S.K.: 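Quick one: the structure is below, questions incoming.
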Amino acid sequence: MHEEFPTESPAVVTCGLPYANGDLHVGHLRTYVSGDAYSRALERLGQSVAFVCGSDMHGTPIAVNAAEAGVDPETFASEYHEQYEETFPEFNVEFDNYGHTHDATNTEMTRSFVREWIDGDHVVEKEIEVAWDAEAGQPLPDRFVEGTCPYCGERARGDECDEGCQRHLEPGEIEDPVSTITGNPAEYRTRRHKFLRLADFQEYLAGFIDRLEGTENAKNQPREWIEGELKDLCITRDMDWGVDYPAEDDGEEELVLYVWVDAPIEYVSSTKQYSERVGAEEYDWEAVWRDRAEPTASAPEGGEIVHLIGHDIIQHHAVFWPAMLRGAGFNEPRAILACGFVNLAGEAFSTSRDRAVWADDYVESGLHPDLYRYHIVTGSEFTADVNFSWDRLGERVNSELVGTLGNFLYRSLLFAERNYGGTPEAAVSDEVEGEIEAAMADFRTAVNDYRVRGLGRAPVELASFGNEYIQRHEPWKLTDDDPKRAARVIRDCVQLSKAIAVLMEPVLPEKAETLWSQLGEDGSVHEATLEAALSAPPEAFGEPSELFDRLEDDEIEALNRQLEARIEAAEGDAEAPAEGSDGSENGGKDGRGAADEDADDGSALEPIADERVSFETFEELDVRIGEIRSAEPIEGADDLAKLEVDVGVERRQIVAGIKRLHDLDSLPGTRIVVVANLEKTELFGVESDGMLLAAGEEADLLTTHGGAEPGTRVR
RNA sequence: AGCGGGAUGGGAUAGCCAGGAGAUUCCGCCGGGCUCAUAACCCGGAGAUCGGACGUUCAAAUCGUCCUCCCGCUACCA
């Protein structure tokens with residue numbers, strides 16, 4: 001549907017904005033390295049391309065964490081912004097422009113988007129009830145309120161019943177709301193908010209999703225939203241940290257735009273900044289982003305917009321974002337590439353528990369950035385989740401980069417330099433030329449199919465062919481007997497080396513540049529196009545050196561030990577989940593704080609509550625001995641089991657979260673302790689009439705010591 | 001619950017959209033070769049009923065239906 005790369009019109013490649021609220025880890029870097037590699041690959045094809053990004057500076061978590069740290073949000077976010085700017089180049093991720101959402105370009109751009117929506121009559125105002133913390137004197141947006149789900153009775157966050165029925169909750173719906181900031185009950189106040197009427201774009205989005213290219217997950221997942229009913233998107237928040245809503249009258253001065261409004265617009269702003277720096281003749285941001293053709297009903301005209309993101313934010317990019325662009329008369333994304341997450345031993349990183357491999361860890365390891373790049377880009381399919389392991393990285397570096405790639409290049413160039421002082425005079429064989437052409441074709445296909453992984457494999461496969469080729473022709477035996485043939489073989493190997501340099505540039509940019517100069521080339525491989533793979537290298541070049549060093553076992557072991565110790569500390573320990581581990585500097589990273597469910601996992605004992613309850617209050621609980629009669633898992637639920645419990649006077653059906661923690665078959669006959677007069681509720685569609693008591697994360701069931709019969713009251 | 005992704009020799013992973021001999025690459029294992037090269041490189045071998053069942057087809061890892069298990073998303077996590 002879209003024209004193949006390279007196209008006449010300019011392209012822009014973006015990466016999801018890092019949220020300026022914590023340190024970067026190797027999971028984040030997967031996206032940025034992939035984006036960098038993809039953008040470089042487009043350049044090798046001769047595509048005009050800008051690679052842009054910026055820090056996401058707004059939103060409630062930053063505001064709250066800044067307040068906790070006693071600084072203003074701008075200072076707080078700017079520190080992380082500056083840190084990111086330093087970190088990316090350490091991984092050879094080189095943005096053409098790296099801005100942030102709080103700069104003037106983005107603030108103005110965002111407001112102009114919103115004005116377009118208002119002019120196009122896509123914005124509606126509604127009065128909604130928002131949760132309010134009287135003590136803190138502030139509204140409680142989104143996750144800063146917790147309470148009880150009105151539908152299923154489970155504990156829920158303000159915006160979503162995350163533990164129970166999974167329903168999205170509108171502001172005001174949640175029962176017994178409590179502020180996660182102060183722990184006080186939240187009250188409700190009526191506020192006027194602005195909404196983007198997404199339904200206006202329903203039909204447009206249906207067409208868009210059919211045109212969208214990229215990874216399968218990005219093309220398929222949004223269909224659920226687009227084909228369903230699109231709710232109005234609340235685009236304002238009661239805060240003072242953010243981009244001010246462009247007020248046309250009084251009374252809205254306190255509203256800022258929702259962080260997901262100004263964040264993606266930074267893609268446009270950052271491109272504009274790049275354009276302004278290099279000049280519009282060199283790169284014109286409007287030619288990319290503006291829909292300048294007659295706005296036909298279907299596809300707009302413009303440049304090629306390619307977004308690389310983590311697969312957690314597909315919806316924002318494939319539903320809200322194109323609607324936002326469309327509503328403001330902008331071009332739409334051509335492709336979205338959504339990558340999988342990096343895990344540790346099958347489990348997600350937990351930044352709050354320091355269960356992660358941080359960008360700094362890698363930098364401090366002294367390993368070359370290109371090694372990480374190669375490993376993360378080629379180690380698995382882009383969309384798949386992947387386990388990070390130093391062992392695996394070491395194995396692949398030693399066998400593929402040192403053994404196959406580095407070794408071929410070194411033996412070829414060393415042989416060429418010693419015997420011919422550079423490139424021997426001979427023609428490249430048809431076989432080798434064909435092999436290089438095939439590799440080039442694979443590379444082009446990988447770019448056009450958005451297979452980032454394919455980019456890194458092409459050079460190693462060519463080197464593998466080279467090793468086999470040089471072995472088959474044994475030039476070291478030919479130098480005396482048949483010098484002409486030897487020269488031809490080495491000429492072939494030198495050409496393969498040059499082709500490898502070009503092909504490896506996207507994934508291994510710094511190493512490719514070193515190889516380029518070893519070949520005696522002037523200029524930079526970063527300027528070369530794919531065709532250079534077939535042009536002759538300079539006649540003379542100097543003695544090469546090994547491009548990659550072997551990673552020694554003890555080096556890897558040391559990194560492994562560090563990581564294992566950290567995982568252990570994160571899992572088992574009682575000490576120091578949040579504030580603890582490495583002091584004040586870490587305070588920011590724990591920012592998601594109370595809302596972060598994995599922060600309070602099997603950790604320190606919580607203090608006994610200060611507030612005492614009266615004996616009468618206690619008496620209100622009817623706690624009884626029960627005996628489990630049957631226990632069966634609830635299909636589809638991860639943790640829930642349906643129990644039938646004999647409480648003496650009657651039998652009760654009780655749902656409990658013990659599916660994974662106990663062997664259900666062995667439970668019948670077990671005496672347990674039950675709160676018998678708890679309100680009935682429905683969990684996962686199954687009625688639960690009572691609650692069994694269990695201790696701790698492992699749900700250690702409370703039972704009896706003597707022979708108390710079912711139905712006996714517990715006091 | 002809905003949606004998305006996944007299950008492939010001992011481990012890790014390709015292949016699936018466009019069906020064509022049981023399949024890629026890396027690690028590990030066994031045997032051989034070579035010595036220009038970083039104990040590297042090259043060749044050969046053992047090892048898998050491609051998660052399960054049914055179906056479509058001359059032909060299924062690949063297409064369809066159902067099932068099991070894992071991971072993720074569901075509007076503030078890359």
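As the structure is a computational prediction, the values presented were derived from the model and not from experiment. Every chain is numbered from 1 and lettered A, B, ... according to where its sequence line falls, protein lines coming before strand lines.
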S.K.: Return the nucleotide paired to B/U24: Watson-Crick means purine N1 to pyrimidine N3 with N6-O4 or O6-N4, wobble means G-U with N1-O2 and O6-N3, both under 3.5 Å.
M.R.: none

S.K.: Between B/U13 and B/A21, how far apart are the C1' atoms? Round to whole Å, please.
M.R.: 23 Å

S.K.: Please list all pairs meeting ring pair (Phe, Tyr, Trp, His ring centres under 6.0 Å) that have one or both residues in residues 463-483 of chain A, counting only residues at least two apart or in different chains.
M.R.: A/Phe465-A/Tyr469, A/Tyr469-A/His473

S.K.: Between B/C54 and B/A46, how far is it from one C1' atom to the other, in whole Å?
M.R.: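 Result for the C1' pair: 34 Å, nearest Å.
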
S.K.: Please list each protein N or O that sits under 3.5 Å from an N or O in nucleotides 2-6 of chain B, with the distance.
M.R.:
residue: B/C3; atom: O2'; partner: A/Glu224; partner atom: OE1; Å: 3.4
residue: B/G5; atom: OP1; partner: A/Asn220; partner atom: ND2; Å: 3.1

S.K.: According to side-chain contact (heavy atoms from CB on, under 4.5 Å), who are the partners of A/Arg453, at least two apart in sequence or on a separate chain?
M.R.: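 With sequence neighbours excluded, A/Arg453 shows a side-chain contact (heavy atoms from CB on, under 4.5 Å) to A/Glu381, A/Arg457, given in chain and number order.
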
S.K.: Taking only heavy atoms on the protein side, list every residue of residues 26-37 of chain A lying under 4.0 Å from any atom of RNA chain B, sorted numerically.
M.R.: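 Listed by number, they are A/Gly27, A/His28, A/Thr31.
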
S.K.: Using whole Å, what does the distance between atom P of nucleotide B/C77 and atom CZ of A/Phe349 come to?
M.R.: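 Taking atom P of B/C77 as the reference, CZ of A/Phe349 is at 17 Å.
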
S.K.: List for me each residue that meets side chain to side chain donor-acceptor pair (under 3.5 Å) alongside A/Glu400, sequence neighbours excluded, and say none if there are none.
M.R.: A/Tyr374, A/Arg396

S.K.: Between A/Lys219 and A/Asp210 (salt bridge meaning N to carboxylate O under 4.0 Å), is one present in this structure?
M.R.: no

S.K.: Tell me which nucleotide, if any, is Watson-Crick or G-U wobble paired with B/C41 when both distances must be under 3.5 Å.
M.R.: B/G33

S.K.: Quick one: what's the B/S/- string for nucleotides 34-41 of chain B, heavy-atom cutoff under 4.0 Å, read 5' to 3'?
M.R.: SSBBB-SB

